[in-house]
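Scroll down for the structure; my scribbles are underneath it.
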2 protein chains.
Amino acid sequence: MKKKELIEKLNNYGLKATHQRIAVLDTLLKTKTHPSAEELYKIIVKQYPTISLATVYKTLDSFKEVGLVKIIKTDCDYLRYDAIISNHFHLYNPAQNKLEDYYDNDLKNMIENYFKNKKIDNFELKEINLQLIGDFK
Amino acid sequence: MKKKELIEKLNNYGLKATHQRIAVLDTLLKTKTHPSAEELYKIIVKQYPTISLATVYKTLDSFKEVGLVKIIKTDCDYLRYDAIISNHFHLYNPAQNKLEDYYDNDLKNMIENYFKNKKIDNFELKEINLQLIGDFK
DNA sequence: TTAGTTGCAAACAGTTTGCAACGAC
DNA sequence: GTCGTTGCAAACTGTTTGCAACTAA
């Protein structure tokens with residue numbers, strides 16, 4: 001994504017387009033591993049040596065607040081971030097600590113249809129959070 | 001569950017039946033809210049004033065190692081524990097931080113059948129981790 | 001110009017660890 | 001008696017915060 005587009009995206013979400021935010025958003029969009037704040041920081045600091053880890057945290061928190069990213073929790077002991085593109089699931093392997101996106105509209109539709117017919121007592125479903133645990137081959 | 005049964009259960013899983021472990025297992029089985037280590041500690045310490053928080057952590061970790069409990073991660077910033085009884089899903093509300101078991105064999109079978117026919121490329125599915133996010137009424 | 005953002009260092013929360021005393025087997 | 005477990009305090013890790021300096025709009 002070009003710098004101009006990144007700025008536009010930030011503005012669309014009501015955020016000032018600072019260098020730091022542009023760098024974080026750019027890096028997060030480019031990184032497919034669902035990185036932690038620290039991982040993002042280590043990548044960004046190479047191009048942008050004055051950025052601080054706290055800023056990465058604050059930036060990710062702002063992004064989360066406006067809905068630009070989601071937090072993913074896995075078995076590992078830090079938060080991972082997911083730049084939101086569309087509704088999807090995750091594949092995860094605890095031993096490798098590897099997390100991948102999994103797009104499957106059939107599965108998504110199947111589950112959504114299931115809950116159109118079947119209502120859960122005393123619960124109004126808003127969102128489905130599905131992690132598929134297994135081994136990458 | 002009676003004390004005798006608790007001891008038996010611990011032994012079956014290869015664990016020495018100490019007072020502390022009996023208390024933690026007993027409390028965890030009785031508590032339906034999927035408590036954190038600290039919550040369990042606060043309950044147990046009333047009956048057993050000398051137990052320490054570190055012991056609760058160590059105990060829960062032993063339980064996890066042998067497969068007596070599972071860790072559940074939600075939006076909240078501590079770990080919650082689930083005494084394993086059978087395969088089930090979870091309902092979760094982030095605002096209330098409320099987590100409930102959700103048993104639904106139809107849903108479970110539907111998803112399992114789906115993956116009998118549809119294989120994921122380069123991934124061998126072992127386990128399904130499903131959280132239903134929404135509002136309790 | 002100014003309200004919001006950054007960077008630093010210090011604080012924080014939940015969890016883990018080292019180790020001497022203890023207890024289950 | 002032995003070896004694993006406990007309890008304490010201290011350490012650790014990831015994350016958050018307070019605040020003065022800075023900067024995008």
Side-chain angles (χ1 to χ4, degrees), chain A residues 3-4 6-25 27-28 34-42 44-45 47-66 68-81 97 99, chain B residues 3-4 6-25 27 34-42 44-45 47-66 68-81 97:
Chain A
K3 191 169 175 182
K4 216 169 202 171
L6 293 166
I7 293 171
E8 214 172 296
K9 186 157 193 165
L10 289 167
N11 289 333
N12 287 343
Y13 280 84
L15 296 175
K16 275 192 190 173
T18 64
H19 296 142
Q20 292 87 338
R21 283 176 179 169
I22 294 166
V24 172
L25 183 57
T27 308
L28 188 59
H34 299 301
S36 64
E38 188 122 19
E39 285 171 314
L40 282 171
Y41 169 73
K42 281 182 185 163
I44 296 165
V45 83
Q47 307 285 338
Y48 195 139
T50 60
I51 201 173
S52 84
L53 179 57
T55 299
V56 174
Y57 273 106
K58 284 175 186 167
T59 302
L60 289 168
D61 193 59
S62 313
F63 287 4
K64 185 192 68 185
E65 288 306 315
V66 300
L68 253 174
V69 306
K70 261 193 189 170
I71 287 173
I72 317 171
K73 296 208 177 180
T74 66
D75 255 13
C76 73
D77 52 4
Y78 49 79
L79 304 177
R80 305 172 77 141
Y81 294 85
N97 196 19
L99 183 66
Chain B
K3 192 169 174 182
K4 217 170 202 173
L6 293 167
I7 292 171
E8 216 172 296
K9 185 157 194 165
L10 288 168
N11 290 334
N12 287 343
Y13 280 84
L15 296 175
K16 275 190 189 174
T18 64
H19 295 143
Q20 293 87 340
R21 284 177 178 168
I22 294 166
V24 172
L25 182 58
T27 308
H34 298 300
S36 64
E38 188 120 21
E39 284 171 315
L40 282 170
Y41 169 73
K42 281 182 186 163
I44 296 166
V45 84
Q47 307 286 338
Y48 195 141
T50 60
I51 200 172
S52 84
L53 179 57
T55 298
V56 175
Y57 274 106
K58 285 174 185 169
T59 301
L60 289 167
D61 193 58
S62 313
F63 287 3
K64 185 192 68 184
E65 288 307 314
V66 299
L68 254 173
V69 306
K70 261 194 188 168
I71 287 174
I72 316 171
K73 295 208 176 180
T74 65
D75 255 13
C76 72
D77 52 6
Y78 49 81
L79 304 177
R80 305 173 77 141
Y81 294 85
N97 197 19

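Each chain gets a letter, A, B and so on, in the order the sequences are listed, and its residues count up from 1.
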> How would you label the contact of A/D61 with the nucleic acid (heavy atoms, under 4.0 Å): base, sugar-phosphate, or nothing?
Replying inline: nothing
When you measure from the side-chain N and O atoms of B/Y57 to the phosphate of C/dT16, is any distance below 4.0 Å, counting only OP1 and OP2?
no
Separation of D/dT16 atom C1' from A/Y78 atom OH, nearest Å, is 20 Å
* Closer than 4.0 Å, any side-chain N/O of B/Q20 to the OP1 or OP2 of C/dG23? -> no
* Asked: Within the structure shown, what part of the strands sits under 4.0 Å from B/S62 by heavy-atom distance: base, sugar-phosphate, or nothing?
  -> nothing
- prompt: Between D/dT6 and B/H19, is there an OP1 or OP2 to side-chain N/O distance shorter than 4.0 Å?
  reply: no
Of the listed D/dG7, D/dT5, C/dT5, the closest approach to the A/K16 side chain comes from C/dT5
Is the shortest heavy-atom distance from the side chain of A/V24 to the side chain of A/Y41 under 4.5 Å? no
The answer to which of B/R80 and B/T18 contacts DNA chain C further toward the 5' end, by nearest nucleotide, is B/R80
Q. Distance only, no hydrogens: is a donor on one side chain within 3.5 Å (strictly under) of an acceptor on the other, for A/S52 and A/T55?
A. yes
When rounded to whole Å, the CG to P distance for the pair B/L79 and D/dT13 reads 17 Å
Ranking D/dT15, C/dT15, C/dT6 by distance to the side chain of A/T55, first place goes to C/dT6
Quick note, A/N11 side chain, CB onward, closest among D/dA25, D/dT6, C/dT5 is D/dA25
- prompt: Is a donor-acceptor contact shorter than 3.5 angstrom present between the side chain of A/K58 and the base of D/dG18?
  reply: yes
Result for 5'-nearest mapping on DNA chain C, choosing between B/A17 and B/S36, is B/S36
Exercise for review: Could you tell me whether A/D61 and A/K64 make a salt bridge, using a distance below 4.0 angstrom between a side-chain N and a carboxylate O?
Suggested key: yes
> Do the side chains of B/Q20 and B/Y48 get nearer than 4.5 Å, heavy atoms only?
Replying inline: yes
Practice item. Tell me what A/T50 touches on the nucleic acid: a base, only sugar-phosphate, or nothing, going by heavy atoms under 4.0 Å. Key: sugar-phosphate
